[in-house]
Amino acid sequence: MSRRVLPAALLAAASALLAACAPLPAPRRFAGSLDVPLPTTSGRIAVIADLQRTSYLEFWRESNDPERAALVQALAAARPDAVFVIGDLVFDGGSARHWSDFDALMAPVRAAGIPVFAAFGNHEYWGGRDGARHLLARFPHLGGRHWYEVAYGPIRVVVLDSNIDELTPAAWDAQIRWYEGALRRLDADPSARAALVLAHHPPYTNSTVTGDEPHVQRHIVPPFHGSRKALALISGHVHNHERFQRGAKLFIVAGGGGGPRAALARGAARRHPDDLARGAALRPFHFLLIAPAPEGLAVEVHGLPRGGREAAALDHFMIPWPAR
C-alpha cells in the first residue's frame, strides 16, 4: 500500500542493503501469450492481488504465510485458464530474495501449467529498475509491457499500470491514450462481449489505512464509465475485499492475497456506505474466479479466514452482459 507505516526512505534503505547481499536467482517463468486468445479449457479465469509477505521491518503487523500458501494451493487446484495478479507480488521489488520467495509460493500454479499475467503494484517499484527487471523476467510474454490486453473467449481483460507517481508524465499519458483507444475498439468489436479493467489502485475504498485514489478516479474511471462493454474495474492495494456499484458499473477491491490485512471503516466513518460485500472490518483472504455464463459474468469469491487452511466459496454474484 502506498501509505506506509515506516518512512519510505528507511524502508528503501534497508531493502537496498538486503538486495545488495542477495544473489539474483534464475527467474521461474510463467507461460502465457498476448498474441493469441487464451484457451477456454476450464471456462474461468482467476484474479488475485497483494501476495507480498509481511516485512520484518513491520514486525507488529500480522504475518500470513500459512494462509497465503493455502490460498495459492486452492488457486492452483481450481485450474483456471489463466491467473491475473494485479500488483504487489512481493514486498520489495528490488529484492532477489523476495522474488525467490514468490517463485516458491507460486510453484503450484507454475506446476499446473496455468498462464499468469501480472500488473505492477507500488511494491514492484521499490527497487526501481531492478523491481521492473525482476517482474518482467518472470513474465517474458508481457514483452516489457506495463499495460496490455488479453483475449479470453468473449471477454477482453485490460491490464493497466496505475502507479502514476512512478511513470513519467509522457508514459502515463501514452497509457491513458492507449486505454481509451482499447475500450473504443472493444466496444466496436463484435467478437468482444465484455471487458474487465484491472489496475492495482482502487478508485473507491473504505480502508482505514489508505484512501480513494484520485488519479484513478480522474484518469481511469471516466473511460471505464464511457465504455458500453467495460463491466468491472478490479483492483487490489487495499488488503481486503469490497464491492461498489456506480450506475451500471462494478468496482471490486480484491486485495486479499495474503498481505497484512487492512481494516475497513465501519458505520459513520465509512466513505462509501454502499459496500455490497458485507462483512467484518477484517475480511478473509481471497481470490476471484470469473466465468462467462448465459446471463453474464459469474464471479465467485474463494478464500479462507485467518488461521484457516481450507479455502471455500465465500460469495458469488453475477455481472449482467451489456445490451447488444
Side-chain angles (χ1 to χ4, degrees), residues 25-53 68-91 93 96 98-121 123-124 131-153 155-162 196-200 234-237 252 254-259 285-291 299-300 302-303 311:
R28 305 296 180 88
R29 297 188 174 190
F30 295 86
S33 176
L34 293 174
D35 302 319
V36 297
L38 292 171
T40 55
T41 304
S42 74
R44 56 190 181 180
I45 58 175
V47 178
I48 193 169
D50 297 275
L51 288 160
Q52 75 268 34
R53 300 182 69 179
R68 178 185 297 100
L71 194 67
V72 172
Q73 287 280 0
L75 177 62
R79 289 294 196 274
D81 291 325
V83 174
F84 292 84
V85 187
I86 49 176
D88 287 3
L89 288 68
V90 297
F91 179 81
H98 287 197
W99 281 104
S100 181
D101 290 342
F102 172 79
D103 291 338
L105 173 69
M106 293 292 285
V109 175
R110 191 170 53 251
I114 302 170
V116 181
F117 298 85
F120 279 79
H123 281 266
E124 275 70 61
R133 181 165 58 90
H134 280 298
L135 186 148
L136 294 172
R138 283 159 176 80
F139 303 96
H141 47 285
L142 301 186
R145 299 173 180 88
H146 287 231
W147 50 89
Y148 53 90
E149 174 192 331
V150 178
Y152 179 70
I155 307 171
R156 302 296 181 267
V157 183
V158 177
V159 181
L160 301 176
D161 184 340
S162 57
L196 300 173
V197 178
L198 309 185
H200 182 64
I234 307 175
S235 57
H237 194 54
I252 303 171
F285 306 101
H286 63 277
F287 58 86
L288 308 180
L289 291 174
I290 304 173
V299 183
E300 294 182 353
H302 283 245

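By convention here, the first residue in the shown sequence is residue 1.
Residues Phe84 and Val150 have side chains in contact (heavy-atom distance under 4.5 Å, counting atoms from C-beta outward).
Ring geometry for His237 versus His200: interplanar angle over 60°, hence perpendicular rather than tilted (30 to 60°).
Of the possible polar contacts, none joining the Arg44 side chain to the Thr41 backbone as a donor-acceptor pair under 3.5 Å is found. No donor-acceptor pair closer than 3.5 Å links the side chain of His123 to the backbone N or O of Gly131. Put simply, the side chain of Glu124 gets close to the backbone of Asp88: a donor and an acceptor are under 3.5 Å apart. Here the side chain of Arg53 pairs no donor or acceptor atom with the backbone of Phe91 at under 3.5 angstrom. Put simply, the side chain of Asp81 gets close to the backbone of Ser42: a donor and an acceptor are under 3.5 Å apart.
Heavy-atom minimum distance, Leu135 versus Ala119: CD1-O, 4.3 Å. Between Ala49 and Ala254, the shortest heavy-atom distance links the atoms CB-O, 3.4 Å.
Side-chain rings of Phe30 and His141 stay apart, their centers remaining 6.0 Å or farther from each other.
We find the NE2-CG distance between His146 and Leu136 to be 5.5 Å, quoted to the nearest 0.5 Å.
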Side-chain donor-acceptor contacts of residues 104-115 below 3.5 Å, not counting sequence neighbours, with atom names and distances?
unit_1 : atom_1 : unit_2 : atom_2 : d
Arg110 : NH1    : Asp103 : O      : 3.3
Arg110 : NH2    : Asp103 : O      : 3.1

